[in-house]
Amino acid sequence: MHNWRQAFHLEPPQGWLNDPNGLCWFQGRYHVFFQYCPTAADGVGPKCWGHYETPDFLHWTFAGVPLHPDTPRDASGVYSGCAVEHDGCLRLYYTGNVKYPGNYDYITAGREGNVICVESPDARTMGPKQLLMTNADYPADCTLHVRDPKVWSTSDGWRMILGARSRADAGRALLYRSADGLAWTLEKIVEKSPAFGYMWECPDCFELDGRQFLSISPQGLPRQETRWQNVYQSGWFPVEGDLADGVLGDFTEWDMGFDFYAPQTFAAPDGRRILIGWMGMPDADYRNPTAELGWQHCLTVPREVELHDGKLYQRPARELDALCGTTYNLPEGETTLTAPFRLTANAENSCKLTLAEGLELSYDKQSGIFAMRFADPALGGGRTVRRACLNPGSDLAMDLWVDTSSVECYLNGGETVLSTRYYPASRDIRVKVRGMKAQYCTMKSMELA
Ligand code: FRU
(Lines give C-alpha, C1' and ligand atoms only; values in the text may rest on other atoms or scores of the structure.)
Protein backbone atom coordinates (compact mmCIF):
# COMPACT_ATOMS: atom_id res chain seq x y z
CA MET A 1 0.00 0.00 0.00
CA HIS A 2 1.13 3.58 -0.69
CA ASN A 3 1.84 5.03 2.73
CA TRP A 4 3.10 8.55 1.89
CA ARG A 5 6.38 7.87 3.72
CA GLN A 6 8.76 10.70 2.80
CA ALA A 7 12.03 10.18 0.89
CA PHE A 8 14.06 13.23 1.92
CA HIS A 9 12.15 14.80 4.81
CA LEU A 10 12.55 13.80 8.45
CA GLU A 11 9.45 12.27 9.99
CA PRO A 12 9.08 10.26 13.19
CA PRO A 13 9.42 6.46 13.06
CA GLN A 14 5.98 6.42 14.66
CA GLY A 15 3.95 8.90 16.72
CA TRP A 16 3.70 12.67 16.41
CA LEU A 17 6.36 15.28 15.55
CA ASN A 18 6.21 19.06 15.88
CA ASP A 19 8.81 21.81 16.34
CA PRO A 20 12.49 21.34 15.51
CA ASN A 21 14.53 21.81 18.72
CA GLY A 22 18.19 22.04 19.72
CA LEU A 23 19.54 22.45 16.18
CA CYS A 24 23.33 22.52 16.30
CA TRP A 25 26.64 21.28 14.98
CA PHE A 26 28.43 19.33 17.74
CA GLN A 27 31.26 16.77 17.72
CA GLY A 28 31.37 16.51 13.94
CA ARG A 29 27.65 16.10 13.35
CA TYR A 30 24.47 18.08 12.96
CA HIS A 31 21.89 17.37 15.63
CA VAL A 32 18.20 17.80 14.96
CA PHE A 33 16.07 17.31 18.07
CA PHE A 34 12.33 17.68 17.77
CA GLN A 35 9.10 17.80 19.74
CA TYR A 36 8.06 14.16 19.81
CA CYS A 37 5.16 12.18 21.16
CA PRO A 38 6.27 8.61 20.43
CA THR A 39 3.14 6.95 21.76
CA ALA A 40 0.36 8.75 19.86
CA ALA A 41 0.09 9.91 16.25
CA ASP A 42 -2.43 12.58 17.30
CA GLY A 43 0.09 14.09 19.72
CA VAL A 44 -2.01 13.43 22.80
CA GLY A 45 0.52 11.85 25.16
CA PRO A 46 3.88 12.59 26.79
CA LYS A 47 5.78 15.26 24.86
CA CYS A 48 9.49 14.35 24.64
CA TRP A 49 12.49 15.33 22.54
CA GLY A 50 13.34 12.96 19.69
CA HIS A 51 16.79 13.10 18.14
CA TYR A 52 18.23 12.76 14.62
CA GLU A 53 21.93 13.09 13.74
CA THR A 54 23.71 13.55 10.43
CA PRO A 55 27.22 14.42 9.27
CA ASP A 56 26.01 15.84 5.95
CA PHE A 57 22.19 16.29 5.73
CA LEU A 58 22.12 13.16 3.53
CA HIS A 59 22.82 10.24 5.90
CA TRP A 60 20.62 10.38 8.98
CA THR A 61 20.45 8.29 12.16
CA PHE A 62 17.51 8.23 14.53
CA ALA A 63 19.27 8.53 17.89
CA GLY A 64 16.33 7.86 20.19
CA VAL A 65 14.39 9.89 22.73
CA PRO A 66 16.87 11.58 25.10
CA LEU A 67 14.44 13.78 27.10
CA HIS A 68 11.18 12.68 28.74
CA PRO A 69 8.75 14.56 31.00
CA ASP A 70 9.82 12.78 34.17
CA THR A 71 10.20 15.49 36.85
CA PRO A 72 7.68 17.73 38.65
CA ARG A 73 9.03 20.75 36.71
CA ASP A 74 8.34 19.28 33.25
CA ALA A 75 5.57 16.82 34.11
CA SER A 76 3.28 17.85 31.22
CA GLY A 77 5.93 18.05 28.54
CA VAL A 78 9.54 18.68 27.61
CA TYR A 79 8.60 21.63 25.42
CA SER A 80 10.65 23.44 22.80
CA GLY A 81 14.19 24.71 23.27
CA CYS A 82 17.68 24.88 21.91
CA ALA A 83 21.25 23.56 22.22
CA VAL A 84 24.58 25.37 22.62
CA GLU A 85 28.09 23.97 22.88
CA HIS A 86 29.97 24.89 26.07
CA ASP A 87 33.40 23.60 27.16
CA GLY A 88 33.13 20.49 24.99
CA CYS A 89 29.65 19.64 26.29
CA LEU A 90 26.25 20.32 24.80
CA ARG A 91 23.88 22.41 26.88
CA LEU A 92 20.22 21.89 26.11
CA TYR A 93 17.70 24.50 27.30
CA TYR A 94 14.00 23.79 27.14
CA THR A 95 10.62 24.68 28.64
CA GLY A 96 9.36 22.39 31.36
CA ASN A 97 5.61 22.53 30.80
CA VAL A 98 3.34 21.81 33.77
CA LYS A 99 -0.46 21.86 33.63
CA TYR A 100 -2.30 21.47 36.91
CA PRO A 101 -5.40 19.30 36.84
CA GLY A 102 -8.49 21.42 37.54
CA ASN A 103 -10.68 24.13 36.17
CA TYR A 104 -8.18 26.79 34.99
CA ASP A 105 -7.92 29.08 31.96
CA TYR A 106 -4.30 27.88 31.61
CA ILE A 107 -3.33 31.43 30.59
CA THR A 108 -3.23 33.30 33.90
CA ALA A 109 -3.67 30.27 36.17
CA GLY A 110 -3.06 26.55 36.24
CA ARG A 111 0.29 26.14 34.53
CA GLU A 112 4.08 26.58 34.72
CA GLY A 113 6.62 27.37 32.03
CA ASN A 114 10.04 26.60 33.52
CA VAL A 115 13.44 27.13 31.91
CA ILE A 116 15.43 23.94 32.42
CA CYS A 117 19.02 23.18 31.40
CA VAL A 118 20.62 19.77 30.84
CA GLU A 119 24.24 19.07 29.95
CA SER A 120 25.30 16.24 27.70
CA PRO A 121 28.80 15.01 26.87
CA ASP A 122 27.68 13.39 23.59
CA ALA A 123 24.19 14.73 22.71
CA ARG A 124 22.73 11.35 23.74
CA THR A 125 23.43 10.86 27.46
CA MET A 126 21.72 13.54 29.50
CA GLY A 127 22.92 14.91 32.86
CA PRO A 128 20.62 16.08 35.65
CA LYS A 129 17.85 18.58 34.87
CA GLN A 130 18.68 21.98 36.36
CA LEU A 131 15.86 24.43 36.98
CA LEU A 132 16.99 27.94 35.93
CA MET A 133 13.81 30.05 35.89
CA THR A 134 10.14 29.75 36.81
CA ASN A 135 7.15 32.02 36.11
CA ALA A 136 8.02 33.97 39.29
CA ASP A 137 11.21 35.14 37.54
CA TYR A 138 9.51 36.63 34.47
CA PRO A 139 8.10 40.20 34.31
CA ALA A 140 4.98 40.52 36.47
CA ASP A 141 2.82 41.64 33.54
CA CYS A 142 3.40 38.36 31.66
CA THR A 143 0.76 35.65 31.65
CA LEU A 144 1.89 32.09 32.40
CA HIS A 145 2.57 31.60 28.67
CA VAL A 146 6.34 32.06 28.60
CA ARG A 147 8.36 29.42 26.76
CA ASP A 148 10.76 28.22 24.07
CA PRO A 149 14.23 29.45 25.19
CA LYS A 150 16.77 30.14 22.45
CA VAL A 151 20.28 30.71 23.82
CA TRP A 152 23.45 31.91 22.09
CA SER A 153 26.86 32.98 23.28
CA THR A 154 28.29 36.43 22.60
CA SER A 155 31.74 37.97 23.08
CA ASP A 156 30.81 38.95 26.66
CA GLY A 157 28.62 36.07 27.84
CA TRP A 158 25.28 34.55 26.96
CA ARG A 159 21.90 35.69 25.81
CA MET A 160 18.51 34.02 25.91
CA ILE A 161 15.26 34.93 24.25
CA LEU A 162 11.89 33.57 25.41
CA GLY A 163 8.47 33.82 23.75
CA ALA A 164 5.63 35.28 25.84
CA ARG A 165 2.09 36.62 26.10
CA SER A 166 1.44 39.69 28.24
CA ARG A 167 -1.57 40.13 30.52
CA ALA A 168 -2.80 42.71 27.98
CA ASP A 169 -2.72 39.93 25.36
CA ALA A 170 0.26 41.26 23.44
CA GLY A 171 2.89 38.96 21.97
CA ARG A 172 6.43 39.70 23.20
CA ALA A 173 9.90 38.28 23.54
CA LEU A 174 11.95 38.44 26.73
CA LEU A 175 15.65 39.08 26.21
CA TYR A 176 17.98 37.90 29.01
CA ARG A 177 21.70 38.22 29.63
CA SER A 178 24.00 35.92 31.61
CA ALA A 179 27.70 35.59 32.44
CA ASP A 180 27.64 31.80 32.82
CA GLY A 181 24.54 30.60 30.95
CA LEU A 182 22.88 29.60 34.24
CA ALA A 183 21.97 32.80 36.15
CA TRP A 184 19.93 35.15 33.96
CA THR A 185 19.00 38.85 34.16
CA LEU A 186 16.22 40.44 32.12
CA GLU A 187 17.63 42.94 29.65
CA LYS A 188 14.66 43.97 27.55
CA ILE A 189 11.02 43.20 26.76
CA VAL A 190 10.81 43.19 22.98
CA GLU A 191 7.36 44.16 21.65
CA LYS A 192 5.68 45.87 18.72
CA SER A 193 3.35 48.81 19.10
CA PRO A 194 0.47 48.39 18.49
CA ALA A 195 0.53 44.75 19.64
CA PHE A 196 1.45 42.19 16.98
CA GLY A 197 -0.65 39.14 17.87
CA TYR A 198 -1.32 37.90 21.41
CA MET A 199 1.53 35.38 21.77
CA TRP A 200 4.99 34.94 20.24
CA GLU A 201 6.16 31.33 20.19
CA CYS A 202 9.61 30.00 19.36
CA PRO A 203 11.62 33.26 19.10
CA ASP A 204 15.07 33.15 17.54
CA CYS A 205 17.64 35.89 17.09
CA PHE A 206 20.53 35.68 14.63
CA GLU A 207 22.95 37.83 12.72
CA LEU A 208 23.63 37.86 8.97
CA ASP A 209 26.28 40.11 7.41
CA GLY A 210 26.42 42.16 10.63
CA ARG A 211 22.64 42.76 10.82
CA GLN A 212 20.34 41.26 13.45
CA PHE A 213 17.07 39.51 12.75
CA LEU A 214 14.34 38.35 15.11
CA SER A 215 12.28 35.34 14.04
CA ILE A 216 9.01 34.60 15.86
CA SER A 217 5.91 32.43 15.46
CA PRO A 218 3.11 34.84 16.37
CA GLN A 219 -0.44 33.83 17.20
CA GLY A 220 -3.45 36.10 16.74
CA LEU A 221 -2.76 37.93 13.47
CA PRO A 222 -5.95 38.60 11.49
CA ARG A 223 -6.26 36.60 8.29
CA GLN A 224 -5.88 38.60 5.06
CA GLU A 225 -6.07 37.83 1.33
CA THR A 226 -2.32 37.43 0.68
CA ARG A 227 -0.82 37.20 4.18
CA TRP A 228 -1.39 35.62 7.58
CA GLN A 229 -3.63 33.02 5.97
CA ASN A 230 -2.90 30.16 8.37
CA VAL A 231 -4.20 29.88 11.90
CA TYR A 232 -0.71 30.93 13.14
CA GLN A 233 2.30 32.43 11.34
CA SER A 234 6.10 32.37 11.36
CA GLY A 235 8.31 35.16 10.11
CA TRP A 236 11.14 37.59 10.73
CA PHE A 237 11.74 41.22 11.61
CA PRO A 238 14.92 43.09 10.69
CA VAL A 239 16.33 44.73 13.83
CA GLU A 240 17.68 48.26 13.47
CA GLY A 241 20.70 48.11 15.79
CA ASP A 242 20.88 45.57 18.59
CA LEU A 243 17.86 43.72 19.93
CA ALA A 244 18.55 45.17 23.41
CA ASP A 245 17.89 48.75 22.27
CA GLY A 246 16.85 48.48 18.64
CA VAL A 247 13.64 48.84 16.67
CA LEU A 248 11.87 46.02 14.84
CA GLY A 249 11.18 46.62 11.13
CA ASP A 250 8.39 45.03 9.07
CA PHE A 251 7.40 41.38 9.50
CA THR A 252 7.89 38.97 6.58
CA GLU A 253 6.54 35.42 6.64
CA TRP A 254 9.12 32.69 6.20
CA ASP A 255 6.76 30.47 4.23
CA MET A 256 3.33 31.23 2.74
CA GLY A 257 2.19 27.60 2.30
CA PHE A 258 -0.28 25.55 4.34
CA ASP A 259 2.30 23.72 6.44
CA PHE A 260 5.04 25.68 8.11
CA TYR A 261 5.53 26.69 11.73
CA ALA A 262 7.98 27.13 14.61
CA PRO A 263 11.25 27.25 12.63
CA GLN A 264 14.64 27.43 14.33
CA THR A 265 18.00 28.50 12.90
CA PHE A 266 21.61 27.69 13.75
CA ALA A 267 25.09 28.27 12.36
CA ALA A 268 26.76 25.52 10.32
CA PRO A 269 30.51 25.18 10.94
CA ASP A 270 31.23 27.03 7.69
CA GLY A 271 29.13 29.98 8.88
CA ARG A 272 25.97 29.33 6.87
CA ARG A 273 22.72 30.14 8.68
CA ILE A 274 20.54 27.01 8.43
CA LEU A 275 16.80 27.02 9.10
CA ILE A 276 14.51 24.04 9.68
CA GLY A 277 10.77 24.41 10.22
CA TRP A 278 7.98 22.11 11.25
CA MET A 279 6.03 21.22 8.09
CA GLY A 280 2.77 21.23 9.98
CA MET A 281 0.39 23.63 11.69
CA PRO A 282 -1.02 23.48 15.23
CA ASP A 283 -4.77 23.81 15.79
CA ALA A 284 -5.51 23.50 12.05
CA ASP A 285 -8.79 21.90 11.07
CA TYR A 286 -7.53 19.42 8.53
CA ARG A 287 -6.87 15.71 8.54
CA ASN A 288 -3.46 14.27 7.81
CA PRO A 289 -4.15 10.73 6.57
CA THR A 290 -0.83 9.34 7.80
CA ALA A 291 -2.18 9.67 11.37
CA GLU A 292 -4.26 6.54 10.77
CA LEU A 293 -1.08 4.71 9.81
CA GLY A 294 0.61 5.56 13.10
CA TRP A 295 2.67 8.70 12.50
CA GLN A 296 2.15 12.34 11.69
CA HIS A 297 4.12 15.35 10.40
CA CYS A 298 7.64 16.01 9.15
CA LEU A 299 10.29 18.75 9.18
CA THR A 300 11.22 20.90 6.19
CA VAL A 301 14.55 20.25 4.53
CA PRO A 302 17.44 22.22 6.06
CA ARG A 303 17.41 25.60 4.30
CA GLU A 304 20.23 28.10 3.86
CA VAL A 305 19.19 31.63 4.74
CA GLU A 306 20.95 34.52 3.00
CA LEU A 307 20.59 38.29 3.10
CA HIS A 308 20.30 40.16 -0.22
CA ASP A 309 19.15 43.79 -0.47
CA GLY A 310 17.68 43.73 3.02
CA LYS A 311 15.60 40.59 2.36
CA LEU A 312 16.10 37.03 3.59
CA TYR A 313 16.21 34.35 0.88
CA GLN A 314 15.94 30.60 1.48
CA ARG A 315 17.12 27.61 -0.52
CA PRO A 316 17.50 23.92 0.29
CA ALA A 317 20.96 23.34 1.81
CA ARG A 318 23.43 22.80 -1.04
CA GLU A 319 24.29 19.33 0.30
CA LEU A 320 20.86 18.19 -0.94
CA ASP A 321 21.90 18.85 -4.55
CA ALA A 322 23.71 15.48 -4.26
CA LEU A 323 20.28 13.79 -4.20
CA CYS A 324 19.44 15.20 -7.65
CA GLY A 325 20.10 13.27 -10.87
CA THR A 326 20.43 14.43 -14.47
CA THR A 327 18.22 17.32 -15.57
CA TYR A 328 15.80 16.86 -18.49
CA ASN A 329 13.44 19.26 -20.23
CA LEU A 330 9.80 18.89 -19.36
CA PRO A 331 7.52 19.59 -22.33
CA GLU A 332 4.31 21.65 -22.21
CA GLY A 333 1.34 19.39 -21.57
CA GLU A 334 1.15 16.28 -19.38
CA THR A 335 3.91 13.96 -18.20
CA THR A 336 4.15 11.40 -15.40
CA LEU A 337 7.08 11.79 -12.99
CA THR A 338 7.89 9.50 -10.09
CA ALA A 339 8.42 11.19 -6.72
CA PRO A 340 10.77 12.28 -5.33
CA PHE A 341 11.76 14.78 -7.99
CA ARG A 342 12.84 18.39 -8.40
CA LEU A 343 11.15 20.63 -10.94
CA THR A 344 12.45 24.05 -11.99
CA ALA A 345 10.59 26.42 -14.28
CA ASN A 346 10.74 29.94 -15.67
CA ALA A 347 7.82 31.92 -17.00
CA GLU A 348 7.68 35.31 -18.69
CA ASN A 349 3.89 35.41 -18.47
CA SER A 350 1.06 34.03 -16.42
CA CYS A 351 1.39 30.25 -16.06
CA LYS A 352 0.09 27.17 -14.28
CA LEU A 353 1.50 23.88 -13.09
CA THR A 354 -0.75 21.07 -11.86
CA LEU A 355 0.52 18.19 -9.74
CA ALA A 356 -1.38 14.95 -9.23
CA GLU A 357 -4.41 16.39 -11.00
CA GLY A 358 -5.40 18.47 -8.01
CA LEU A 359 -2.63 20.72 -6.68
CA GLU A 360 -2.44 23.85 -8.84
CA LEU A 361 0.41 26.33 -8.69
CA SER A 362 -0.51 29.37 -10.75
CA TYR A 363 0.96 32.79 -11.36
CA ASP A 364 -0.85 35.88 -12.60
CA LYS A 365 1.79 38.19 -13.97
CA GLN A 366 -0.28 41.36 -13.97
CA SER A 367 -1.25 41.21 -10.29
CA GLY A 368 1.88 39.33 -9.22
CA ILE A 369 -0.30 36.85 -7.30
CA PHE A 370 1.02 33.32 -6.97
CA ALA A 371 -1.58 30.80 -5.77
CA MET A 372 -1.20 27.32 -4.32
CA ARG A 373 -4.65 25.78 -4.67
CA PHE A 374 -6.12 22.35 -4.06
CA ALA A 375 -8.62 21.97 -6.91
CA ASP A 376 -9.17 18.51 -5.41
CA PRO A 377 -9.61 19.24 -1.68
CA ALA A 378 -9.14 15.57 -0.74
CA LEU A 379 -5.58 15.74 -2.11
CA GLY A 380 -4.73 18.36 0.52
CA GLY A 381 -6.61 16.83 3.44
CA GLY A 382 -9.36 19.46 3.07
CA ARG A 383 -7.38 22.65 2.50
CA THR A 384 -8.17 25.18 -0.24
CA VAL A 385 -5.85 28.03 -1.27
CA ARG A 386 -2.88 30.12 -0.15
CA ARG A 387 -1.77 33.23 -2.02
CA ALA A 388 1.48 35.17 -2.10
CA CYS A 389 1.93 38.59 -3.67
CA LEU A 390 5.18 38.67 -5.69
CA ASN A 391 6.32 41.63 -7.79
CA PRO A 392 3.47 42.58 -10.19
CA GLY A 393 4.59 42.50 -13.82
CA SER A 394 7.72 40.46 -13.18
CA ASP A 395 8.79 37.06 -14.51
CA LEU A 396 8.55 33.97 -12.33
CA ALA A 397 11.23 31.42 -11.39
CA MET A 398 10.10 28.28 -9.55
CA ASP A 399 12.12 25.57 -7.84
CA LEU A 400 9.92 22.74 -6.53
CA TRP A 401 11.20 19.99 -4.25
CA VAL A 402 8.55 17.32 -4.53
CA ASP A 403 8.64 14.49 -2.01
CA THR A 404 6.24 11.56 -1.70
CA SER A 405 3.70 13.64 0.23
CA SER A 406 4.99 17.22 0.29
CA VAL A 407 6.01 20.08 -1.96
CA GLU A 408 8.42 22.87 -1.01
CA CYS A 409 8.08 25.63 -3.56
CA TYR A 410 10.90 28.23 -3.74
CA LEU A 411 10.00 31.26 -5.86
CA ASN A 412 12.30 33.84 -7.44
CA GLY A 413 15.51 32.57 -5.90
CA GLY A 414 13.90 31.80 -2.55
CA GLU A 415 12.50 35.29 -1.90
CA THR A 416 9.11 33.66 -1.30
CA VAL A 417 8.51 30.06 -0.23
CA LEU A 418 5.32 27.98 0.03
CA SER A 419 5.32 24.51 1.58
CA THR A 420 2.56 22.00 1.87
CA ARG A 421 1.81 18.38 2.57
CA TYR A 422 -0.36 16.59 0.01
CA TYR A 423 -1.53 13.01 -0.38
CA PRO A 424 -1.43 11.69 -3.96
CA ALA A 425 -2.59 8.14 -4.64
CA SER A 426 0.85 6.92 -5.73
CA ARG A 427 4.44 8.01 -6.28
CA ASP A 428 3.67 8.41 -9.98
CA ILE A 429 2.54 12.00 -10.31
CA ARG A 430 0.78 13.49 -13.33
CA VAL A 431 2.45 16.83 -14.02
CA LYS A 432 0.70 19.36 -16.26
CA VAL A 433 2.75 22.33 -17.46
CA ARG A 434 1.26 25.45 -19.06
CA GLY A 435 3.07 28.63 -20.07
CA MET A 436 6.54 27.95 -18.70
CA LYS A 437 9.91 26.49 -19.61
CA ALA A 438 10.38 23.60 -17.23
CA GLN A 439 13.04 21.04 -16.37
CA TYR A 440 13.08 18.19 -13.90
CA CYS A 441 15.40 15.68 -12.34
CA THR A 442 14.62 12.56 -10.37
CA MET A 443 15.91 12.45 -6.82
CA LYS A 444 17.44 9.78 -4.61
CA SER A 445 16.13 9.21 -1.10
CA MET A 446 18.24 10.28 1.84
CA GLU A 447 19.62 7.43 3.96
CA LEU A 448 17.98 6.88 7.30
CA ALA A 449 19.24 4.36 9.86
C1 FRU B 1 4.96 25.55 19.01
C2 FRU B 1 4.76 25.06 20.43
C3 FRU B 1 5.77 25.68 21.38
C4 FRU B 1 5.83 24.67 22.49
C5 FRU B 1 5.69 23.37 21.73
C6 FRU B 1 4.96 22.28 22.45
O7 FRU B 1 4.41 24.66 18.07
O8 FRU B 1 3.44 25.34 20.89
O9 FRU B 1 5.46 26.98 21.83
O10 FRU B 1 7.01 24.73 23.23
O11 FRU B 1 4.99 23.67 20.54
O12 FRU B 1 5.03 21.08 21.72
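As the structure is a prediction and not an experimental result, all values here were calculated from the model. FYI, side chains are in, hydrogens and waters are out, and symmetry mates aren't considered; it's all heavy atoms of this structure. Order of appearance sets the numbers: ligands from 1, and atoms from 1 within every ligand.
Near ligand 1, residues Asn18, Asp19, Gln35, Lys47, Tyr79, Ser80, Arg147, Asp148, Glu201, Tyr261 each place a heavy atom inside the 4.0 Å sphere around the ligand atoms.
Here Arg211 pairs with Glu240 in a salt bridge; the nearest charged N to carboxylate O distance falls below 4.0 Å. Asp270 and Arg272 are joined by a salt bridge, as a carboxylate oxygen and a charged side-chain nitrogen come within less than 4.0 angstrom of each other.
A cation-pi arrangement, defined by a distance under 6.0 Å to the six-membered ring centre and an angle within 45 degrees of its axis, is absent between Arg303 and Trp254.
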Please walk me through it: do Asp242 and Gln212 pass side-chain hydrogen bond (donor to acceptor under 3.5 Å, both in side chains)? CA-CA 7 Å; Asp242 182 87; Gln212 281 189 13; 2.8 Å; yes

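Considering Leu379, Leu353, Asp376 as possible partners of Leu359, the one that fulfils the side chain to side chain contact (heavy atoms under 4.5 Å, CB included) test is Leu379.
For Asp105, the CG atom counts as densely surrounded, since its 6.0 Å shell holds more than 12 non-hydrogen atoms of other residues, nucleotides or ligands.
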